[in-house]
Colleague: 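Structure below; questions to follow.
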Amino acid sequence: MKIGIAADHGGYKLKEVIHPFLVKLGHEVVDFGAYKLDNQDDYPDFVIPLAEAVANGEVERGIAVCGSGVGASVAANKVHGVRAALINDHFSAHQGVEDDDLNILCLGGRVTGNMAAEEYVTAFLTAEFTAAERHLRRLGKVHELEKRD
Ligand code: RB5
C-alpha cells in the first residue's frame, strides 16, 4: 500500500520509528515531513498536505503524528474526503476502518509508545471498510456536511 506520513516536532520521533516499520512491512512510504526536529514548527504545515494527498488519492492512507494526536486530527478532518481520528487503542484502530472508513490514523508522539503505535498502525492498515449498508448510510450523512461549504 502507498502510505503517507506526517508529523510536527511533537510527533517527529515517533514518525521516525513508524517510517522504517512501514518499509519493513513492504509499504511504499511518502513522507510529508517534518524532515528534522524543529520545536517551532506547526502541525498543519505537514498534516494538511498529507490530508490533501489522501483526499486526492495520491496515497491510499495516512498516518499523522503530533504531540497528542489531537491537533493532527483536527487539522486533517478539515480536508474534504478525510476521515481522521486520534487512536489510542487497538480495537478503534481497526474498527475505525471497518465501520467508519477511517483513512488517516492520528497518533500522539508524547502519549503512545513505539510498540503500541506499531500495533495500531498494523491494525489500521490491515483493516478494510465493510461497506455495510448501515455504515454507508451513516457516512453518507457525514459527507452531506461537506456540500455545505
Ligand atoms: C506541539 O507542541 C503540540 O501542541 C502539538 O504537537 C500537538 O500535540 C497538538 O495537538
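Keep in mind it's a predicted model, so treat the numbers as computed, not measured. Below, all heavy atoms of this structure are taken into account, side chains as well, without hydrogens, waters or symmetry copies. As the structure lists them, so they are numbered: ligands from 1, and atoms in each ligand from 1.
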Colleague: Quick one: which ligand 1 atoms are inside 4.0 Å of a heavy atom on R110?
Modeller: 1 (C), 2 (O), 3 (C)
Colleague: What protein heavy atom lies closest to atom 1 (C) of ligand 1? Include the residue and the distance to one decimal.
Modeller: H9 NE2, 3.2 Å
Colleague: Are I5 and V30 close enough that some pair of their side-chain heavy atoms sits under 4.5 Å apart?
Modeller: no
Colleague: For L136 versus A131, what's the shortest heavy-atom pair and its separation?
Modeller: CD1-O, 3.2 Å
Colleague: Among all the protein's non-hydrogen atoms, which is closest to atom 10 (O) of ligand 1, and how far away is it?
Modeller: G71 N, 2.8 Å
Colleague: Using a 4.0 Å cutoff against the non-hydrogen atoms of D8, which atoms of ligand 1 qualify?
Modeller: 1 (C), 5 (C), 6 (O)
Colleague: Are the side chains of R83 and H143 in contact, using a 4.5 Å heavy-atom criterion?
Modeller: yes
Colleague: For atom 8 (O) of ligand 1, which protein heavy atom lies nearest, and how many Å away is it?
Modeller: S68 N, 2.9 Å
Colleague: Whether the H9 and D38 side chains hold a donor-acceptor pair (N or O, under 3.5 Å, no angle test) is what I'd like checked.
Modeller: no
Colleague: With side-chain contact (heavy atoms from CB on, under 4.5 Å) as the test, pick out the partner of I63 among L50, L107, I87, L14.
Modeller: L107
Colleague: Hey, is the main chain of K2 close enough, under 3.5 Å, to the side chain of E60 for a donor-acceptor pair?
Modeller: yes
Colleague: Considering only protein heavy atoms, determine whether one is less than 4.0 Å from atom 4 (O) of ligand 1.
Modeller: no
Colleague: Could you tell me which atoms of ligand 1, counted from 1 in the order shown, lie closer than 4.0 angstrom to a heavy atom of G67?
Modeller: 5 (C), 6 (O), 7 (C), 8 (O)
